[in-house]
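Step one of this worksheet: look at the structure below.
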Amino acid sequence: MRGDVVCFIGAGGKTSLMFRLAEEARGQGFKVLVTTSTKILVPDADQYDGLDLSGELFSRDTVAEPGIYVGGTPSPIAGKMTGVGMNRLYIQQKLFDLVLIEADGAARKPLKGWNSTEPVIPDFTSKTIGVVDIQTVGNTICEALVHRLEIFSEITGCKAGEPASTHHLCRMILHEKGLFSQAQGTEILYINKIESEADCKNANELRAALTNQIIVAGS
């Protein structure tokens with residue numbers, strides 16, 4: 001909605017979802033800021049209408065038209081960008097109709113456990129979208145699948161070498177140190193990568209185990 005500041009957390013499709021929503025908002029005439037509070041790859045030029053890596057997050061003159069505006073600062077890692085200070089973000093977000101923030105990192109793995117310093121979610125966030133990859137169900141729990149396996153195991157009760165289950169995902173979502181532990185504003189769970197009957201069955205099983213959750217599912 002116009003005026004929202006939305007953070008994307010979790011693993012298994014945050015960036016793709018963020019840019020999909022940015023495109024839809026641009027199509028409705030929104031000026032959309034896309035940024036991060038951690039690190040992301042600098043997007044391809046065809047994914048945005050404006051890019052500002054100066055740390056200033058644009059000026060009023062540079063966001064006069066509807067579009068997708070990507071802002072942040074260069075990262076020491078080639079091809080990546082980091083966010084700006086929260087004060088700067090708070091001030092500059094007023095130039096935009098919608099602010100989308102990738103607020104979590106998972107080292108390109110589809111599951112993760114969270115330490116006490118993440119996700120990094122501004123206190124002026126209005127919605128927090130937690131992304132869960134349903135295609136992890138049935139895969140072997142190991143370092144290749146899970147970012148911070150030791151913490152994930154503590155949160156979910158799983159053991160390395162056993163298959164991931166919807167029970168593990170449910171624990172990951174609901175645990176006090178889990179997916180929404182640092183969430184601000186309205187919490188929305190997005191069950192991602194539903195692309196087969198088996199995925200749909202697993203997603204429905206997960207949904208049935210969750211109460212008092214706003215849940216959206218898709219791919």
Side-chain angles (χ1 to χ4, degrees), residues 1-11 13-107 112 114-131 177 179-190 214 216:
M1 293 178 61
R2 195 179 296 272
D4 271 333
V5 176
V6 184
C7 280
F8 297 81
I9 60 175
K14 295 187 303 295
T15 306
S16 297
L17 176 61
M18 180 170 65
F19 275 97
R20 175 62 181 270
L21 294 179
E23 290 171 3
E24 292 182 3
R26 177 176 60 184
Q28 296 176 29
F30 283 28
K31 293 179 285 187
V32 185
L33 174 63
V34 173
T35 187
T36 180
S37 60
T38 56
K39 298 184 186 71
I40 60 172
L41 290 171
V42 177
D44 294 334
D46 61 358
Q47 293 181 277
Y48 58 78
D49 301 290
L51 177 68
D52 181 359
L53 297 183
S54 70
E56 296 299 316
L57 284 187
F58 300 94
S59 65
R60 187 171 299 278
D61 292 341
T62 58
V63 291
E65 300 295 330
I68 298 172
Y69 299 88
V70 176
T73 59
S75 168
I77 303 171
K80 286 197 170 186
M81 56 176 277
T82 60
V84 303
M86 292 298 176
N87 288 340
R88 170 62 59 179
L89 178 57
Y90 179 75
I91 293 168
Q92 295 302 101
Q93 54 110 4
K94 298 171 185 176
L95 298 179
F96 301 90
D97 301 309
L98 177 65
V99 178
L100 305 180
I101 305 168
E102 185 162 331
D104 205 358
K112 74 169 289 185
W114 292 265
N115 64 31
S116 60
T117 64
E118 58 183 9
V120 183
I121 300 177
D123 59 10
F124 49 89
T125 298
S126 59
K127 291 184 173 69
T128 302
I129 299 178
V131 179
K177 296 181 180 178
L179 179 63
F180 290 108
S181 63
Q182 305 294 328
Q184 298 281 343
T186 303
E187 298 175 9
I188 302 169
L189 177 68
Y190 183 72
I214 300 173
V216 180

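Scope of the values below: all heavy atoms of this structure, side chains included, with no hydrogens, waters or symmetry mates. Just so it is clear, the structure is predicted and the values come from calculations on it, not from any experiment.
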Quiz item: Which residue pairs pass the side-chain hydrogen bond (donor to acceptor under 3.5 Å, both in side chains) test with at least one member in residues 64-75, sequence neighbours excluded?
Solution: Thr73-Thr82

Quiz item: Is a donor on one side and an acceptor on the other found under 3.5 Å between the side chain of Thr35 and the backbone of Gly72?
Solution: no

Exercise. Output yes when a side-chain donor or acceptor of Gln28 lies under 3.5 Å from a complementary backbone atom of Ala25, and no otherwise.
Key: no

Taking all non-hydrogen atoms of both residues into account, name the closest pair between [X] and [Y] and its distance.
X      : Y      : result
Ala22  : Val34  : CB-CG2, 4.0 Å
Glu187 : Ile214 : O-CB, 3.7 Å
Ile121 : Ala183 : CD1-CA, 3.8 Å
Pro119 : Ala103 : CB-O, 3.2 Å
Phe58  : Thr62  : CB-OG1, 3.4 Å

Side chain to side chain, [X] and [Y], heavy atoms closer than 4.5 Å:
X      : Y      : value
Met86  : Val120 : yes
Gln47  : Ile68  : no
Val131 : Ile9   : no
Leu21  : Ile129 : yes
Phe19  : Val70  : yes
Pro122 : Leu89  : yes
Asp4   : Val99  : no
Leu33  : Leu57  : yes

Quiz item: Got a sec, which residues hit side-chain contact (heavy atoms from CB on, under 4.5 Å) with Leu41, two or more places apart in sequence or on another chain?
Solution: Lys80, Arg108

Practice problem: Scan residues 32-52 for pairs that pass salt bridge (charged side-chain N to carboxylate O under 4.0 Å, His left out), counting only residues two or more places apart or in two chains. | Solution: Arg26-Asp49

Practice problem: Scan for salt bridge (charged side-chain N to carboxylate O under 4.0 Å, His left out) pairs involving residues 93-106, sequence neighbours excluded, and state none if there are none. | Solution: Arg2-Asp97, Asp104-Lys112

Quiz item: Can you tell me how far the SG atom of Cys7 sits from the NZ atom of Lys14, to the nearest 0.5 Å?
Solution: 12.0 Å

Exercise. Look up atom CD in Gln184 and atom CG in Asp123, then write down how far apart they are to the nearest 0.5 Å.
Key: 6.0 Å

Practice problem: Please list all pairs passing the ring-ring contact (aromatic ring centres under 6.0 Å, His included) test where one or both residues lie in residues 20-47, with sequence neighbours left out. | Solution: none

Exercise. Under the salt bridge (Lys or Arg N to Asp or Glu O under 4.0 Å) rule, collect the residues that match up with Lys31, sequence neighbours excluded.
Key: none

Quiz item: Counting heavy atoms not belonging to Phe124, are there more than 12 under 6.0 Å from its CZ?
Solution: yes

Self-check item: Greater than 12 external heavy atoms within 6.0 Å of Asn87's CG
Solution: no

Quiz item: Are a donor atom and an acceptor atom from the side chains of Asp61 and Ser59 found within less than 3.5 Å of each other?
Solution: no

